[in-house]
Amino acid sequence: MANTNENRKALLISPELCIGCRGCQTACKNWNQLSSEKTKNSGTYQNPPDLAPTAYNIIRYSEVPSESNPVRWLFVSRRCMHCGDAGCMKICPAPGALYKTKEGAVAADRDKCIGCKLCVAGCPFNVPRYDSSNKISKCTLCSDRIAEGLSPACAQTCPTGAIRFGDRNELLASAKKAGYSKVYGEADLTGLGTLYAFKDAPKIYGMDENPAIPESVIFWHNVLKPLSVIGLGGAVAGALLHYAVIGPHKDDEEVKKS
Ligand code: SF4
Ligand code: SF4
Ligand code: SF4
């Protein structure tokens, strides 16, 4: 079988090296011309609190108990994982709205996005967000920069090397050489384009240990989507997909009673 990860580009995140400066967040906003949003302090230094149409990359701040200090700070960059087997692409009913670049990034064509939001249900990492035009908005792995031979803005800016960009196989080899026997994302979903070199268990960074595409999405992709593409039972397939992923329709009264 062909190695689909050959010649693939990736990011390697090393949380141990991150100092929480958020330079990567700012560089991403700057390059992608994303506005700033007013946020509220909710008792953490993390800001903004979550990914947003104007925040493709956030540093998640966590505090965990420590034996040597009152508390230990953990910082980790959260953004699109550029999955090899991408749930968002599996479920998307609009041809070409989500596509793979030749470097292996999962990019979006806003003009083809129909705003159905099904990719939210297909993503195991809760990444896709929607802008005010109801179009998908997420990290593109800076495909425009990569195409010009540049590194992604976040990796270019990071002052500590906590975000590195390069050939995926070479990044994996360097992480292994540095003593990380298991790299998060090496094999998950046929390999992620955002890899993590964790010294601790991924879950203390808020990462899912076994990310998987929902069964309903796989069923849609393998069984129902081909029917709708060839024009047989498209409406039925769409209704079944909606039922499988979103559930039965409830009106306001039913919601209030439940
Ligand atoms: S992380 Fe989510 S949005 Fe990004 S490629 Fe994977 S499934 Fe798609
Ligand atoms: S790769 Fe580009 S779009 Fe993605 S988080 Fe980094 S700067 Fe933002
Ligand atoms: S720029 Fe680098 S060190 Fe600063 S917050 Fe981002 S990943 Fe961490």
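Both counts, for ligands and for their atoms, begin at 1 and track the order of listing.
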Looking at L195, L192, T194, I13, which hits side chain to side chain contact (heavy atoms under 4.5 Å, CB included) with Y184?
L192

Atom CD of Q33 with >12 non-hydrogen neighbours under 6.0 angstrom
no

List the steps, then state whether side-chain contact (heavy atoms from CB on, under 4.5 Å) holds for R22 with N47.
CA-CA 9 Å; R22 289 187 289 232; N47 189 33; 3.9 Å; yes

Name the residue from D50, N57, I59 that meets the side chain to side chain contact (heavy atoms under 4.5 Å, CB included) definition with R78.
D50

Which option out of P152, A107, G193 puts a heavy atom nearest to atom 1 (S) of ligand 2?
P152

So if I count the atoms of ligand 1 from 1 in the order they appear, which ones are less than 4.0 Å from some heavy atom of F125?
1 (S)

Using a cut-off of 2.8 Å, how many protein N, O or S atoms lie below it in distance from atom 4 (Fe) of ligand 3?
1

Which residues pass the side-chain hydrogen bond (donor to acceptor under 3.5 Å, both in side chains) test with D85, sequence neighbours left out?
K90

Electrostatic pair K176-E186, nearest N-O below 4.0 angstrom
yes

For atom 4 (Fe) of ligand 1, what is the closest protein heavy atom, and at what distance to 0.1 Å?
C80 SG, 2.4 Å

Please could you name the atoms of ligand 1 that G87 approaches to less than 4.0 Å, counting only its heavy atoms?
7 (S)

Distance filter under 4.0 Å to N57 heavy atoms, resulting ligand 2 atoms:
5 (S)

V106 side chain reached by K138 side chain, heavy atoms, under 4.5 Å:
yes

With side chains defined as the heavy atoms from C-beta onward, is the minimum distance between M81 and Y196 less than 4.5 Å?
yes

What is the nearest protein non-hydrogen atom to atom 8 (Fe) of ligand 2, stated with its residue, atom name and distance?
C28 SG, 2.3 Å

Atom 2 (Fe) of ligand 2 sits nearest the protein heavy atom C142 SG, 2.3 Å

Taking the six-membered ring of Y130 (Phe, Tyr or Trp), confirm whether the NZ or CZ of K117 is under 6.0 Å from its centre and within 45° of its axis.
yes

I'd like to check which ligand 2 atoms, numbered from 1 as shown, lie under 4.0 Å from a non-hydrogen atom of C139.
1 (S), 3 (S), 4 (Fe), 5 (S)

Just which atoms of ligand 2 are under 4.0 Å from any heavy atom in T140?
3 (S)

I'd like to know if R8 pairs up with D167 as an ion pair, taking the criterion as any Lys NZ or Arg NE/NH1/NH2 lying under 4.0 Å from an Asp or Glu carboxylate oxygen.
no

Looking only at heavy atoms of P124, does any of them come nearer than 4.0 Å to an atom of ligand 1?
yes

Sequence neighbours excluded, which residues qualify as side-chain contact (heavy atoms from CB on, under 4.5 Å) partners of T157?
A27

Heavy-atom nearest neighbour in the protein, as seen from atom 6 (Fe) of ligand 2, with distance rounded to 0.1 Å
C154 SG, 2.3 Å

In ligand 1, which numbered atoms sit nearer than 4.0 Å to a non-hydrogen atom of C123?
1 (S), 2 (Fe), 3 (S), 7 (S)

If the cut-off is 4.0 Å to any non-hydrogen atom of N32, which atoms of ligand 2 fall inside it?
3 (S), 8 (Fe)

Can R129 and T54 be said to form a side chain to side chain donor-acceptor pair (under 3.5 Å), step by step?
CA-CA 9 Å; R129 299 292 189 269; T54 54; over 6 Å; no

Residues in ring pair (Phe, Tyr, Trp, His ring centres under 6.0 Å) contact with Y45, at least two apart in sequence or another chain
W73

Can you sort out which atoms of ligand 2 are near R79, meaning under 4.0 Å from one of its heavy atoms?
5 (S), 6 (Fe)

Hey, looking at atom 3 (S) of ligand 1, which of C83, A108, C88, C92 has the closest heavy atom?
C88

